[in-house]
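Before any comments, here is the structure.
A note on names: the letters A, B, ... follow the listed sequences, proteins ahead of strands, and every chain is numbered from 1.
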Amino acid sequence: MLSDLRTALRPALALTLLFALLLGILYPLGLTGIGQALFPRQANGSLIERDGQVVGSTLIGQRFVSPRYFHGRPSAAGSGYDALASSGSNLGPTSKALVERIKADVSGSGVPADLVTTSGSGLDPHISPAAARFQIVRIAEARGLATAEMEALVAAHTEAPLAGIIGEPRVNVLALNLALDQASSQP
Amino acid sequence: MTYQGWALIALFVGLLLALAKPMGLWLFALYEGRRTPLHRILGPVENGFYRLAGIDPSTEQGWRRYALHLILFNLALLLFTYAVLRLQDVLPLNPRGLAALGPDGAMNTAISFTSNTNWQWYSGEVALSNLSQMLGLAIHNFLSAATGIAVAFALFRGFARREAATVGNVWADITRITLYLLLPIAFVYAVYLIASGVPQTLAASVDAVTLEGAKQTIALGPVASQEAIKMLGTNGGGFFNANSAHPFENPGALTNLVQMLSIFAIGVGLTWTFGKAVGNTRQSWAILAAMLVLFVAGVSITYWQEAAGNPILHGLGISGGNMEGKEVRFGIAASALFAVVTTAASCGAVNAMHDSFTPLGGLIPLFNMQLGEVVVGGVGAGIYGFLLFALLAVFVAGLMVGRTPEYVGKKIEAREVKLAVLAIAVLPLAILGLTALSAVNTAGLAGPLNKGPHGFSEILYAFTSAAGNNGSAFAGLTAGTPWYNALLGIAMWLGRFFVIVPVLAIAGSLAAKKYTPATAGSFPTTGALWIGLLVGIILIVGGLTFLPSLVLGPVADHVAMLRGDLF
């Protein structure tokens, strides 16, 4: 038994170090090289720039509170859309805190579910098309735009499920708001 | 529930079945130690490793030595990761200057990743440097997966060999599985993930100014390299706190489908490999059928409950299914499916927060883990766990007809059945024992976020996940305390190695036996009767033990939800 352990000691220690080098260093660094060379935009976080300034990532939701913008979902990441602290609320279905939070958020009836529930990551970049349409009247008033124009904008930014079954219909909030700013700035 | 949702589930099952044979063939080549096309490139690496480590791959080991060496290797890996985490503050690639982990936290994490659990008490983007993620954790994602597959190979050899004294060479098994299976697939997979939007950079974060003028610091890192092997090796430990719900880990609906498939890919392959190894792949399809019965039943219940939603919220004027803790791009069907896949396997990655599922929707993930994660299951661990139940099933069938039970040409006698029961009993002992201890102790009761029965579910889920080496959580539980770090560490160690050792003992005992050809009196282990018996044994032996705990947690929670009680 003891001699057995001794014979196994060298393979155990040597393989630990060799695999650490291969899997812990060479594998991720090799991929980093490939990623940076072939897919630099994606490998660096799919960032969006406007006038030379990084305004966010197409994959990461951000906080919108102004009536002039489409709002994303409530977020449990830090104090809201904290991209250094991804998190869901983890509140269960019989949680008093959950019900009180939603009560405070619900205004009127027919509120789409995704607009008053927090996402799993707290960084959900999307809302449902229904949640986008729900906000059109508010934004049209704040910006003095025609609702028909806004409807068209939402429709143009609605992504459909792949092959009809993979994924859900969705609208990227940041992309929609960027388009909204552009539409408003045109004479 | 929608037609699209069911179509997605059907598509998933179809793709899964299509994967079984090709993946199984590749695994069979490695099981036999045959040359593969990849040997031309990676063969020199394999031989170099053997030379430097003083390994003779042609010398085989008996089960005792196989087990001993396997545990020693895992201990060396555990200590390596413990050191990396404890020294995080002085090691390089720590641009944000993060502090080292404390002793209880570092030990919990080292056990967690060594045991293929990947339970995470910390949140990745807050607590860990890029070096800790790559060198400390991702290496286990490969080697704990290889360890599981090696144990499965040893058990297959036990069934396949006749009057043999050895079950394989553990060093060669682990090295070959890592080099010729896990590394190449993970590499290609990671490139696909990068192309789909998963970051792969050594930068830790980037600053943005939002449209409303606020500053948003976005965490980045070498995510794709870790993400690929996290899914493929059924590890499940996320780079970020939100795991596969985080858009940087799982950017779209297609990556989500690929991630779900990659959780099961090696597991279904191994099921096929087992049949091939014992000379009859009809055995594999019988096992897969029993697994699929349990899987489809689980998915149906969770999808139904999540789509039905929470009546308390319906009362507030919110219609539709339960979207709390779910991402819009996945929706309800893909979130329910992912939750069942990740807990049927011992993966533990999540694309939605299980803690916010409806009570019965969350009961299925919990129950899947309590059954021992034998529905396809974790890489290696799924099939060897399932074969333990198969041994019990032939034993029960043998009792009913009054003959010595046989399975795939081997007589199953008292020694094997005792060892199987020993391995199966570890799970209830660790789960129920440690949950009970935490439920009557101040340190334990300080953990849950939710009150009422759901709080109990959080504790039960934690120990179930740890002992089952799953790693998913009802994440409201504050687990980064000395109490939970210690107890969950113990549960993870028990659930891993106190199952592996009896499994290897069974392998040794079976390998030594003669071949017993099937006769007219043998119980057939391929037909519908056998599939029914398997499902029955798994539900009764694996499941019944946990019924009282499920009634106290999710079932009570469900009744409370229907009554509109809040906590």
Side chain, backbone, both or neither of [X] within contact of chain B (heavy atoms, under 4.5 Å):
X         : value
Leu9(A)   : both
Thr16(A)  : both
Leu15(A)  : both
Gln53(A)  : side chain
Leu29(A)  : side chain
Arg73(A)  : side chain
Val171(A) : neither

Could you report the tightest heavy-atom contact between Glu125(B) and Leu84(A), atom names first, then the distance?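 So the minimum-distance heavy-atom pair works out to CG-O, 3.1 Å.
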Count the heavy atoms belonging to other residues, nucleotides or ligands that lie under 6.0 Å from CZ of Arg65(B), then report whether that count exceeds 12.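 No, not enclosed.
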Donor-acceptor pairs under 3.5 angstrom involving side-chain atoms of residues 157-164 of chain A: please list them, not counting sequence neighbours.
from      : atom 1 : to        : atom 2 : distance (Å)
His157(A) : ND1    : Leu153(A) : O      : 3.1
Thr158(A) : OG1    : Val154(A) : O      : 2.7

Residue pair Asn241(B) / Ser86(A), side-chain donor-acceptor N/O under 3.5 Å: no
Only pairs of heavy atoms separated by less than 4.5 Å count here; which of Thr58(A), Val116(A), Leu91(A) has the most with chain B?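 Option with the greatest count: Leu91(A).
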Option in Asp82(A), Leu13(A), Val99(A), Val106(A) with maximal non-hydrogen atom pairs under 4.5 Å from chain B: Val99(A)
Proximal component of [X], with respect to chain A [non-hydrogen, under 4.5 Å]:
X         : answer
Ile218(B) : both
Thr175(B) : both
Asp565(B) : backbone
Leu11(B)  : side chain

Whether Glu324(B) side chain and Ser119(A) backbone form a donor-acceptor pair below 3.5 Å: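 Side chain of Glu324(B) to backbone of Ser119(A): no pair is present.
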Just to verify, what does Phe248(B) make a ring pair (Phe, Tyr, Trp, His ring centres under 6.0 Å) with, not counting sequence neighbours? His246(B)
Can Ser121(A) and Glu327(B) be said to form a side chain to side chain donor-acceptor pair (under 3.5 Å), step by step? CA-CA 8 Å; Ser121(A) 61; Glu327(B) 303 279 305; 2.9 Å; yes
